[in-house]
Amino acid sequence: MTLLELQNLLKDKVRAAAIMHFQMAPDQIVSEIPPKTELGDLAFPAAFELAKVIKQQTGEKQNPRAIAETLKAELEKFDFVDHVEVAGPGYLNVFYNRGKFLRENAVRQFGSETTDGEKICVEHTSVNPNKAAHIGHVRNSVIGDTFQRILKATGKSVEVQNYIDNTGVQVADVVVGFIYLENRDLDSIKKLDAELAAKSETFDYYCWELYAKVGQRYQADEELKAKRAEVLHAIEEGGNDIALLADYVATRNVECILKTMERLSIRYDLLPRESEILHLHFWNRAFETMKERGVIHFENEGKNAGCWVMPFDSHEGTDEHETDKILVRSNGTVTYTGKDIAYQMWKLGLLGLDFYYKPFFKYADGKEVWITTAERSADTHVRAPSFGHGEAVYNVIDARQSYPQEVVKKGVAAIFPEKGEAASVHLSYEMVALSPAAAGELGFEISDEDRKKPFIEMSGRKGLGVKADDLIDRLEANALAEVESRHPNLAADVKPQVAHQLAVGALRFFLLKFTRNTIIVFDFGEALSTEGETGTFCQYSAVRANSIFRKAEEQGLSLLHFQEILEKTHEAATILNDGEAGNEIWSLAILSSRLDETVRQAASQNEPAILAKYTFALAKAFNLFYHHHKILAERDPVKQAVLAVTADMARRSLTSALDIMGIEVPEKM
RNA sequence: GCCGCCGUAGCUCAACGGGACCAGAGCGUCGGUCUUCUAAACCGAAGGUUCCGGGUUCGAAUCCCGGCGGCGGCACCA
């Protein structure tokens, strides 16, 4: 029986006991994890709830402790339960049968064996394809990627989309730079691209600088600014030289960004592009549906005269019409929100139109990323998977876009009340900002005004930010130096690989340990740290655990051997119940088996940080165990088996937890 | 002005739809641990009126009201 099954069973028993003795039960039986192992393995505050219910229904005041005492006897009849204590103001603390539990869980593998069929779409990354990704973008990608892994671990099938806004103003800005600041045409850009490659410089870094330059020039040059609108219009229109040039620039940036993300083990299934949403007239279809369903109307007068608007009553303004969201401007063009609603409809399979698809990129192991196209190609129907049609859609987008995201969610729900708001989830997170010190380290002039601020917002337009590849490079270099000094004899090709795994672990964990609504004020010292609450710490713990078993194998002691000993004896319980040492071993065993519920909790609360916190706690518990119990030196074979099996449970959970966070366990470190 | 998020130890953060002896971690500080499975580790100590004031509750960091302070969002931009 898994821990989760055991918990559910106990919940049912508590409910049954309540009904048997009091003829009533609280709506929900809540279970908690006691603050310390000595207080038990599972706690039910049910007596408090029950006291409340009894008082409501009968007016009778009952002491929670007395209620708990009554319920206690029922739970103790169960053989997985060693005993139950009533503690504090009326907690029902359940102590599991430690020996039985360890035997049952000694070989259990983590993970859901079945997929429940429902497909979930997760959109993340969605960096404007006009420059290199910075650390703020990486927070988005790491949260999104980890979240989709969490969903998969709970048995969902998931499709990962990375939206490409290839026809927006940001791309237009870089195109303006190429054409009007650098006098380049498409051929010249291709030549530049080749030159950069020869110098092992990257196209996205070049665009980063150019974009910043353009932003600066706009301030003084109105003429240039006027070019932006022209260029943007040409790009949206398509079928002209400027659009071709823009497509090249955007595509090259997408390639660079995909490469950056691949360094962090982040991959995608599909790249939906704005150009196709335009050219395949997604909006028109959405517009028709909205009109049919009567959720938008044409404004004849007032300040929105001539526009198509969708009313929203949830946000009240000073005058009632201020809350209306304009979807079609008076000049007939569609707003971004309008397009976004159409796109969201497609994701949910509600639009009634589809993209065409072609393969865009193949990862080293053969996995393909697809991209949308406007023309039917052979691949679309022959080889392309079925995209979209998500039962639910998660959009990983930063918190500053909460309002437009709410409009999209409410808008789609208004059009399709049968689908409802729950199908659209805005997985919001706060930005990564720079500490004034970090901005200084990057070589930026900081104004006196900025210096007083708690943090400085990164800005692609200003070229202010920590580029993802730069940070990964630094992490890898630091890790490599460390590996060189610790393991000089490690094979030459393994060292950089380990350094890479450590860099990824450090960065991903750093971005995951903060809850989503915490603004990360980026600090180099913290981000580069490999001590304390870090990915490196967690990896180290797993590596140590593995090395125990490697050494054991060398001595002819296999894991199977330990498991068999445990199978044949009932003395394990004696060891696990033996005072402080017993509690310590048991704590690690029980904590290791909480991965399942932790992942579920992270999924239901949309909070990857819960998993990161758990992983760190588990690594810490393992390190403590590691220092106090020398497995290979242990003389008592049963105790050795108990220790080994517990260590194995810990390393399996650690490895799985890290894997769900996209972090690998190195061979040595 | 309106809406939202936030305010917890010197610093950076946790605390699961209110609850269990000292509100927990990490960093930093001070002190201790390597002839024994890797010291990127472990142990111990110091450090908090959970921004302030009310209220609800047997019980509040958590819920409600009112302040103060910080940040973000409020376009016929994306």
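The distance from atom CG of Asn93(A) to atom P of C21(B) is 12 Å, rounded to the nearest whole Å. Note: CZ (Phe298(A)) to C1' (C76(B)) measures 12 Å, nearest angstrom. Spacing between atom CD of Glu554(A) and atom P of C37(B) amounts to 12 Å, rounded to whole angstrom units. Note: NE2 (His628(A)) to P (C34(B)) measures 14 Å, nearest angstrom. Put simply, NZ on Lys36(A) is 9 Å from P on G24(B), counting in whole angstrom units.
Below 30°, between 30° and 60°, or above 60°: for His629(A) and Phe625(A) the angle between ring planes is between 30° and 60°, a tilted geometry.
When the nucleotides A41(B), G19(B), A40(B) are ranked by their closest atom to the side chain of Tyr91(A), G19(B) comes out on top. Of the candidates A39(B), G72(B), C37(B), the closest approach to any side-chain atom of Arg544(A) belongs to A39(B). Of the listed nucleotides (C37(B), C76(B), U38(B)), C76(B) has the atom at the smallest distance from the side chain of Thr335(A). For Pro34(A), taking side-chain heavy atoms from C-beta onward, the closest of the listed nucleotides A40(B), G72(B), A20(B) is A20(B). Checked against A78(B), G72(B), A40(B), the side chain of Val169(A) finds its nearest nucleotide in A78(B).
In this structure, the salt bridge (Lys or Arg N to Asp or Glu O under 4.0 Å) partners of Glu482(A), at least two apart in sequence or on a different chain, are Arg486(A). With sequence neighbours left out, Asp450(A) forms a salt bridge (Lys or Arg N to Asp or Glu O under 4.0 Å) with Lys453(A). Remark: Asp340(A) engages no residue in a salt bridge (Lys or Arg N to Asp or Glu O under 4.0 Å) (not counting sequence neighbours).
Judged by distance alone with a 3.5 Å cut-off, no donor-acceptor contact links the side chain of Ser547(A) to the base of C37(B). Side-chain to base pairing of Arg486(A) with A40(B): one donor and one acceptor N or O lie within less than 3.5 Å of each other.
A heavy atom lying under 4.0 Å from RNA chain B marks the following residues of residues 614-623 of chain A, by number: Phe616(A), Lys620(A), Asn623(A). Of the residues in residues 509-523 of chain A, Phe514(A), Thr515(A), Asn517(A), Thr518(A), Ile519(A) come within less than 4.0 Å of RNA chain B through at least one heavy atom, sorted by number.
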Would you list the protein and nucleotides 28-31 of chain B atom pairs, both N or O, that sit under 3.5 Å from each other?
none

